[in-house]
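Below is one structure, written out as structure tokens; comments come after it.
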Amino acid sequence: MNEKLKNEIKNEKKKLSRMTFGQKAEYIFEYYKFPIIVTLVVIILVVSVLKTLINNKPLGFYAMFLNGSGQEMSIGADELEKRFAEYAEIDGGKEKVVIDTTASFNPNVNSQYTIAQNAKITALFASHDLDAMVIDPGVFTYYALSGAFSDLREVLSEEEFRRYEEANKIYYIDGYIKEKMKSIEAGEIDAYSSESGRTEEKDKVDSDQTSGENIDSGKNDGDSEETLDEMEQFAADLMGKPDVVDREEFEVPDPEKMKDPIPVGIIVTDTKIISDGGFFAATVPVFGVPVVSDRKDIALKFLVFLEG
């Protein structure tokens with residue numbers, strides 16, 4: 001180090017020694033602001049890149065608690081994700097675990113939020129990212145009748161299925177109604193007519209058409225509009241109101257009263273995670289495995305994890 005540089009450093013030290021802390025900070029920033037700004041920008045970029053890399057990790061599991069949040073919740077999603085990753089032996093450094101505990105959706109409410117939530121859930125189904133869902137009975141049935149959940153007989157072992165069945169925890173839907181829903185969505189009015197007590201009217205229309213009788217076109221248009229409205233009502237009656245069902249009013253669906261009982265859900269009210277975490281405090285949680293899931297084995301691990 002040459003003598004000139006030594007003297008400059010010495011003079012700088014003398015100046016700084018006579019300054020207050022605020023003066024020192026102002027002085028340093030004034031003379032070194034460019035390298036300081038560059039350093040800060042580099043740090044911010046590095047942190048941003050690291051966060052992006054972490055968030056863009058491949059998805060190892062995705063579960064959703066739908067309509068399960070409330071003031072009683074005592075376990076956060078981060079804690080659940082960490083605990084389940086350890087339980088299922090998912091490497092958090094390589095794969096991402098997501099457990100959404102705050103999602104809510106009520107098909108009876110028409111709002112921007114409802115539309116956004118439905119779009120989000122639809123996207124998760126379409127991308128095969130959704131592996132497990134825990135939902136209140138009303139909305140669970142809404143999705144189940146649309147064919148969203150796997151038949152548990154194809155997912156669980158015979159021993160596992162029998163254990164839940166003996167505990168009266170299997171949630172059934174009627175496959176007959178599910179097929180009727182498909183018929184209505186496909187616009188098959190005949191299926192609707194026979195179920196809604198319009199058989200006589202249908203027979204009369206068939207008779208009129210066979211005998212070549214003319215039907216007034218204006219009246220026909222009105223009837224068509226009325227029929228569409230009635231079909232929508234019939235669909236709603238079949239599906240039931242997808243409102244959140246109060247726990248006190250809940251009754252386990254009886255497969256003996258169904259034409260084609262299909263087991264699609266497991267009632268998980270008394271599981272340790274649900275009860276200790278304060279989830280679904282006002283209603284009954286039903287666990288289901290989406291048909292589209294590519295990680296059904298991990299979904300079953302999640303079911304056992306909920307049991308504690």
(message) Applying side-chain hydrogen bond (donor to acceptor under 3.5 Å, both in side chains) to Thr141 and Tyr171, what does each step give before you reach the verdict?
(response) CA-CA 9 Å; Thr141 302; Tyr171 192 95; 2.6 Å; yes

(message) Test of understanding: clusters of I, L, V, M, F, W, Y form through side-chain heavy atoms closer than 4.5 Å, transitively. Do Val291 and Phe61 belong to the same one?
(response) no

(message) Using side-chain heavy atoms (C-beta onward) and a distance below 4.5 Å, is Leu66 in contact with Tyr143?
(response) yes

(request) First locate atom CD of Glu86, then atom CZ of Phe305, and finally report the distance between them rounded to the nearest 0.5 Å. (result) 9.0 Å

(request) List the atom of Asp254, the atom of Met258, and the distance in Å for their closest heavy-atom pair. (result) O-CG, 3.6 Å

(message) Using every non-hydrogen atom in the two residues, find where His128 and Val292 come nearest and quote the distance to one decimal.
(response) ND1-O, 3.2 Å

(request) Report the relative orientation of the aromatic rings in Phe149 and Phe140; use parallel for angles under 30°, tilted for 30 to 60°, perpendicular for over 60°. (result) parallel

(message) Contact between Thr101 and Ser69 at the side-chain level, heavy atoms closer than 4.5 Å - yes or no?
(response) no

(message) On a heavy-atom basis, which atom in Ile99 and which in Ala77 lie closest, and how many Å separate them?
(response) O-CB, 3.3 Å

(request) Following the transitive rule for hydrophobic clusters with a side-chain heavy-atom cut-off under 4.5 Å over Ile, Leu, Val, Met, Phe, Trp and Tyr, establish whether Phe287 and Ile75 coincide in one cluster. (result) yes

(message) Determine whether Phe280 and Val268 satisfy the following criterion, side chain to side chain contact (heavy atoms under 4.5 Å, CB included), listing intermediate values before the conclusion.
(response) CA-CA 10 Å; Phe280 298 93; Val268 290; over 6 Å; no

(message) How long is the straight-line distance from CZ of Phe65 back to OG1 of Thr102, given to the nearest 0.5 Å?
(response) 11.5 Å

(request) For the residue pair Asp136 and Phe250, establish whether any side-chain heavy-atom pair is separated by less than 4.5 Å. (result) no

(request) Please say which of Thr269, Thr271, Leu80 ends up in a side-chain contact (heavy atoms from CB on, under 4.5 Å) with Phe279. (result) Leu80

(message) Quick one, Lys57 and Glu95 - any side-chain contact, counting heavy atoms below 4.5 Å?
(response) no

(message) I'd like to check Pro263 versus Glu165 (side-chain heavy atoms, cut-off strictly below 4.5 Å). Are they in contact?
(response) no

(request) Working to the nearest 0.5 Å, report the span between CD1 of Ile266 and NZ of Lys169. (result) 9.5 Å

(message) For a quick test of reading the model, state the closest non-hydrogen atom pair linking Gly265 to Leu152 and the distance between them.
(response) O-CD1, 3.4 Å

(request) Decide whether Val98 and Leu130 are clustered together by the hydrophobic rule: side chain heavy atoms of Ile, Leu, Val, Met, Phe, Trp, Tyr closer than 4.5 Å, transitively. (result) yes

(message) If I take atom CZ from residue Phe105 and atom CD1 from residue Ile121, how far apart are they, to the nearest 0.5 angstrom?
(response) 6.0 Å

(request) Under the side chain to side chain contact (heavy atoms under 4.5 Å, CB included) rule, what do Asp174 and Asp260 come out as? Steps first, then yes or no, please. (result) CA-CA 5 Å; Asp174 195 336; Asp260 179 22; 3.9 Å; yes

(message) If we ignore hydrogens and angles and just use 3.5 Å, is the side chain of Glu160 paired with the main-chain N or O of Ser157 as donor and acceptor?
(response) yes

(message) Checking Val134 against Leu306 for the side chain to side chain contact (heavy atoms under 4.5 Å, CB included) test, could you report, in this order, the C-alpha distance in whole Å, the side-chain angles of both residues, the deciding distance, and whether it holds?
(response) CA-CA 10 Å; Val134 184; Leu306 292 178; 4.2 Å; yes

(message) I need the Phe84 CZ to Ile90 CD1 distance, nearest 0.5 Å.
(response) 5.0 Å

(message) With rounding to the nearest 0.5 angstrom, report the CG to CG distance, Asn106 to Asn118.
(response) 11.5 Å

(request) Return the minimal non-hydrogen interatomic distance between Pro261 and Arg153, and the atom names on each side. (result) O-NH2, 4.0 Å

(message) According to side chain to side chain donor-acceptor pair (under 3.5 Å), does anything in residues 296-308 pair up with another residue at least two apart or in another chain? List the pairs.
(response) Tyr164-Glu307

(request) Check whether any side-chain heavy atom of Val252 sits under 4.5 Å from a side-chain heavy atom of Ile267, and report yes or no. (result) yes

(request) Compare all side-chain heavy atoms of Asp131 with those of Pro290 and state whether any distance is below 4.5 angstrom. (result) no

(request) For side chain to side chain contact (heavy atoms under 4.5 Å, CB included), just list the numbers for Lys120 and Met64, CA-CA rounded to whole Å, side-chain angles, deciding distance to a tenth of an Å, and then say yes or no. (result) CA-CA 11 Å; Lys120 173 184 175 181; Met64 177 180 287; 4.3 Å; yes

(message) If hydrophobic clusters are built by linking Ile, Leu, Val, Met, Phe, Trp and Tyr wherever their side-chain heavy atoms come under 4.5 Å apart, do Ile135 and Tyr113 end up in the same one?
(response) no

(request) Answer yes or no: is there a side-chain heavy-atom contact under 4.5 Å between Ile173 and Pro253? (result) no

(request) List the atom of Ser275, the atom of Asp270, and the distance in Å for their closest heavy-atom pair. (result) OG-O, 4.3 Å

(message) Keeping Arg295 on the side-chain end and Ala132 on the backbone end, is there a donor-acceptor pair under 3.5 Å?
(response) no

